[in-house]
Amino acid sequence: QVQLVESGGGLVQAGGSLRLSCAASGRTFSDYAMGWFRQAPGKEREVVAAINWSGGNTYYADSVKGRFTISRDNSKNAIYLQMNSLKPEDTAVYYCAARSSRGYRTGQGSYDYWGQGTQVTVSS
């Protein structure tokens, strides 16, 4: 069992930055690939970024490529999402998720554990 807790969400103006954190506990963190997902009102949850167990391989959705950076610190059992040049369309609840495998996937069905989410609101 893995417990995930996100933090760092908030209200920011367009063009601003936020850094989301996800703290994990319960199992050997480095055994898990991790992902960030988001869900905007009235829309389905979508993948934002994903990272393998070591941090050596990452994935970004086209909509955030070049603006967001996913990273992890296995010594701290944490992953991060640095979000720059934020746009109003980035407004959503952001979730971190853990997959019981070292390689990442982009489908939400591939992830076994989820955090409670953190709200990100970008004003225009």
Results of salt bridge (charged side-chain N to carboxylate O under 4.0 Å, His left out) for [X] - residues two or more places apart only:
X	value
K43	none
E46	R38
R67	D90
D31	R102

(request) Can you tell me which residue pairs pass the disulfide (SG to SG under 2.5 Å) test with a partner in residues 43-85, sequence neighbours excluded? (result)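 The answer is none; no pair qualifies.
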
Using side chain to side chain donor-acceptor pair (under 3.5 Å) as the criterion, list what pairs up with [X], not counting sequence neighbours.
X	answer
S100	D112
S75	D73
Q119	T121

(request) Return the set of residues passing side chain to side chain contact (heavy atoms under 4.5 Å, CB included) with S17 (not counting sequence neighbours), or none when no residue passes. (result)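 With sequence neighbours excluded, S17 shows a side chain to side chain contact (heavy atoms under 4.5 Å, CB included) to Q82, N84, given in chain and number order.
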
(message) According to side chain to side chain contact (heavy atoms under 4.5 Å, CB included), who are the partners of Q3, at least two apart in sequence or on a separate chain?
(response) Q1, S25

(request) Hey, could you give me the CZ/OG distance between R72 and S30, rounded to the nearest 0.5 Å? (result)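 If we round to the nearest 0.5 Å, R72:CZ and S30:OG are 7.5 Å apart.
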
(message) Can you tell me how far apart CD (E6) and SG (C96) are? Round to the nearest 0.5 Å.
(response)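 Those atoms lie 4.0 Å apart.
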
(message) Checking one residue: W36. Which other hydrophobic residues are in its cluster under the side-chain 4.5 Å linking rule?
(response)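 The other cluster members (ILVMFWY side chains, heavy atoms under 4.5 Å, direct or chained) are V2, L4, V12, L18, L20, F29, Y32, M34, V48, I51, Y60, V64, F68, I70, I79, L81, M83, L86, Y94, Y113, V120, V122.
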
(request) Considering only Ile, Leu, Val, Met, Phe, Trp and Tyr, and joining two whenever side-chain heavy atoms are under 4.5 Å apart, list the other residues clustered with V93. (result)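 Via sub-4.5 Å side-chain contacts, V93 links to F37, V47, Y59, Y95, Y104, Y111, W114.
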
(message) Tell me the closest heavy-atom pair linking A92 and A40, and the distance in Å.
(response)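 Result for this residue pair: CB-N, 3.8 Å.
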
(message) Any side-chain to backbone donor/acceptor pair from N52 onto N57? Under 3.5 Å, distance only.
(response) yes

